[in-house]
Amino acid sequence: MTVPVRLWIARRLYDYCHLRDLRGPGVRPWVLLGEQIGRGPDNEPLVICHRPVAWVGEAALRQADRAVEGQASREWGPLHRAD
């Protein structure tokens with residue numbers, strides 16, 4: 001099954017929504033132009049940033065939350081592993 005691009009992006013944003021609570025209000029997602037150089041422990045892409053493009057706004061984050069939560073899946077949630 002192929003996931004629609006909007007939902008795929010929403011899931012990526014939702015995966016790390018716990019970081020703001022852990023590290024403070026200055027932590028927020030952003031878009032960059034870069035090159036993937038590997039994968040991290042959560043299978044996230046490790047990149048070299050060639051150029052920052054934009055911050056992801058609060059409205060986009062709320063839309064991402066609604067899209068993921070609207071799936072009502074018990075198998076999906078933030079990647080917060082401290083609990």
Side-chain angles (χ1 to χ4, degrees):
M1 179 175 117
T2 302
V3 177
V5 173
R6 287 177 63 97
L7 183 55
W8 184 89
I9 293 169
R11 286 178 175 178
R12 300 295 75 75
L13 291 170
Y14 193 83
D15 282 346
Y16 296 96
C17 65
H18 64 283
L19 293 177
R20 181 174 286 178
D21 294 334
L22 288 175
R23 300 200 177 137
V27 174
R28 57 186 179 166
W30 51 295
V31 179
L32 61 88
L33 177 64
E35 175 184 350
Q36 183 175 318
I37 58 169
R39 303 298 282 189
D42 293 327
N43 200 35
E44 76 279 13
L46 302 176
V47 298
I48 295 174
C49 177
H50 296 302
R51 182 171 58 92
V53 177
W55 294 110
V56 177
E58 291 297 322
L61 294 174
R62 286 191 300 273
Q63 286 178 353
D65 288 348
R66 285 192 301 269
V68 173
E69 291 168 1
Q71 292 181 312
S73 172
R74 293 179 185 208
E75 298 175 4
W76 199 269
L79 293 175
H80 187 200
R81 302 214 187 327
D83 294 338

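- Remark: Arg20 pairs with Glu58 by the side chain to side chain donor-acceptor pair (under 3.5 Å) rule, at least two apart or across chains.
- Sorted by first and then second residue, the salt bridge (charged side-chain N to carboxylate O under 4.0 Å, His left out) pairs involving residues 24-39 (not counting sequence neighbours) form an empty list.
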Please tabulate, for side-chain N and O atoms in residues 60-68, each donor-acceptor pair with protein atoms closer than 3.5 Å (sequence neighbours left out).
none

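- Rounded to the nearest 0.5 Å, atoms CD (Gln36) and CD (Glu44) are 10.0 Å apart.
- Residues passing the side chain to side chain contact (heavy atoms under 4.5 Å, CB included) test with Val31, sequence neighbours excluded: Val53, Val56.
- Cluster note: Trp30 groups with Leu32, Val47, Trp55 through ILVMFWY side-chain heavy atoms spaced under 4.5 Å, whether in direct contact or through intervening members.
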**Request:** Could you check Leu7 against Gln71 for side chain to side chain contact (heavy atoms under 4.5 Å, CB included), going step by step and ending with a plain yes or no?
**Result:** CA-CA 10 Å; Leu7 183 55; Gln71 292 181 312; 2.9 Å; yes

